[in-house]
Every structure is written in structure tokens, then in C-alpha cells.
J.: 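Got a structure for you, written out below as C-alpha cells; questions coming shortly.
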Amino acid sequence: MGKIAVEPGGLWLRQVACLARQSDLLVIEGQYLPANLPPREAIKRWPSLLTLIVARGEIQAQWKVLGKTAHVVQPGTWQRSLGASSLGRDRLKGLSRMKASDILQRKVTDHNIADAVNLGHWFIEERQWQGKLKSHAPTGISLTCPSATRTAGRDRNAPRG
């Protein structure tokens, strides 16, 4: 389980390809605009949302090329496993970090990494994938994959946003 930063100029697509070759499972969070957003706020968020949607498509395509399945889960679905999807954004982030820290048995301070850990953990538990995976060690991105940020200036294929 881990997080890949979709950064302009990053090698993130190569990192995704490396992970796709080594992984049995991809679970990715669906993107959305909250229905109750005021129109001006929705317009402000739209470019970021489009960048995430394009990135998700590119990631899913790499899994499909390898004949693997990518699962998309809406945020509220897995967040209910925290027992508190209606707590509000800040409290939910704190709860996510706390649960991810319990799962990994080490402190998790980044809420995005915590969400990735909790999403993957929820999927494996909910769908009973534990026995289907070759390995299940929620330790983050494999060290055999190149770092997306180490040589960021070389990749011109990363989405801009």
C-alpha cells in the first residue's frame, strides 16, 4: 500500500508501471465534487479534479495492459470503516492517521498516506483478498521502483495541474 505523488515533471508514470508489474492489486479512490459545493467553489476545484481523473485513467490503463484489475472505491464507502464518515474533514483525517498507525504499527503523519493505507486495508478485509495476494506487507512503495521525485526534471509526460 502506498501513495504516488502526481507531480508535474515527475517520473510518476514510470513508478506506476514498475508497481503494476510487481503488484497483485490496485485499489484507488474515486474522485468527486461534493454536491453541496457552491458553484464558485466547484469551478475553483474543477482543474484539480480533472488532473486526478486523467491520472487515475492512466494508472488504470497500465494495470489493464498487464491483464490486472483496478478497483475504484468511493471515499464514503471505505471511510465508513473508520466508524465516522460524518465527523467532518479534520477529525476524519486525524482518525485516518490514527488507524493507519495501528495497521502499520508505526506513526503515520501524512493523511494522504493514512488514507491509502486505510483504503487498501478496507478493501482487503471487505473483499476477503488476504488469501488471494502473493504478499501483503503494508510497508509502502517497493524500494525496487525508481523514486518519482528523485529525477523529476526529466519526465515531460506527467499531467500538468
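What you see is a predicted model, and the numbers here were worked out from it, not measured in a lab.
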J.: When rounded to the nearest 0.5 angstrom, what distance separates CG in D90 from NE2 in H111?
T.: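 Separation between the atoms: 9.5 Å.
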
J.: Say you draw a straight line from CD of E126 to CZ of R80; how long is it, rounded to the nearest 0.5 Å?
T.: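 Here the interatomic distance stands at 10.0 Å.
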
J.: Rounded to the nearest 0.5 Å, what separates atom CD in Q15 from atom CG in L19?
T.: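 Nearest 0.5 Å value for the CD-CG distance: 5.5 Å.
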
J.: Checking the side chain of K68 only, and the main-chain atoms of S23 only, is there a donor and an acceptor separated by less than 3.5 Å?
T.: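 A pair under 3.5 Å: yes.
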
J.: To the nearest 0.5 angstrom, please state how far the CG atom of L26 sits from the NZ atom of K64.
T.: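 If we round to the nearest 0.5 Å, L26:CG and K64:NZ are 11.0 Å apart.
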
J.: Could you pull out all residues at least two apart from T69 that satisfy side chain to side chain contact (heavy atoms under 4.5 Å, CB included)?
T.: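 By the side chain to side chain contact (heavy atoms under 4.5 Å, CB included) rule, T69 matches H71.
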
J.: Determine whether S81 and N118 satisfy the following criterion, side-chain contact (heavy atoms from CB on, under 4.5 Å), listing intermediate values before the conclusion.
T.: CA-CA 9 Å; S81 73; N118 286 311; 5.7 Å; no

J.: Between E58 and V16, does a side-chain contact (heavy atoms from CB on, under 4.5 Å) hold up when you go through it step by step?
T.: CA-CA 9 Å; E58 291 171 337; V16 167; over 6 Å; no

J.: Once you round to the nearest 0.5 Å, how far does CG of L25 lie from CH2 of W63?
T.: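 L25 CG to W63 CH2: 9.0 Å, rounded to 0.5 Å.
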
J.: For E29, check side chain to side chain contact (heavy atoms under 4.5 Å, CB included) against everything at least two apart and list the hits.
T.: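 E29: side chain to side chain contact (heavy atoms under 4.5 Å, CB included) contacts with P75, W78, Q79, L119.
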
J.: For I53, what residues pass the side chain to side chain contact (heavy atoms under 4.5 Å, CB included) criterion, not counting sequence neighbours?
T.: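 Side chain to side chain contact (heavy atoms under 4.5 Å, CB included) check on I53 returns Q31, L49.
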
J.: Do W122 and T77 make a side-chain contact, defined as non-hydrogen atoms from C-beta onward lying under 4.5 Å apart?
T.: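 In contact.
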
J.: In Å, rounded to the nearest 0.5 Å, how long is the span from NZ of K99 to NE2 of H121?
T.: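 Answer rounded to 0.5 Å: 5.0 Å.
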
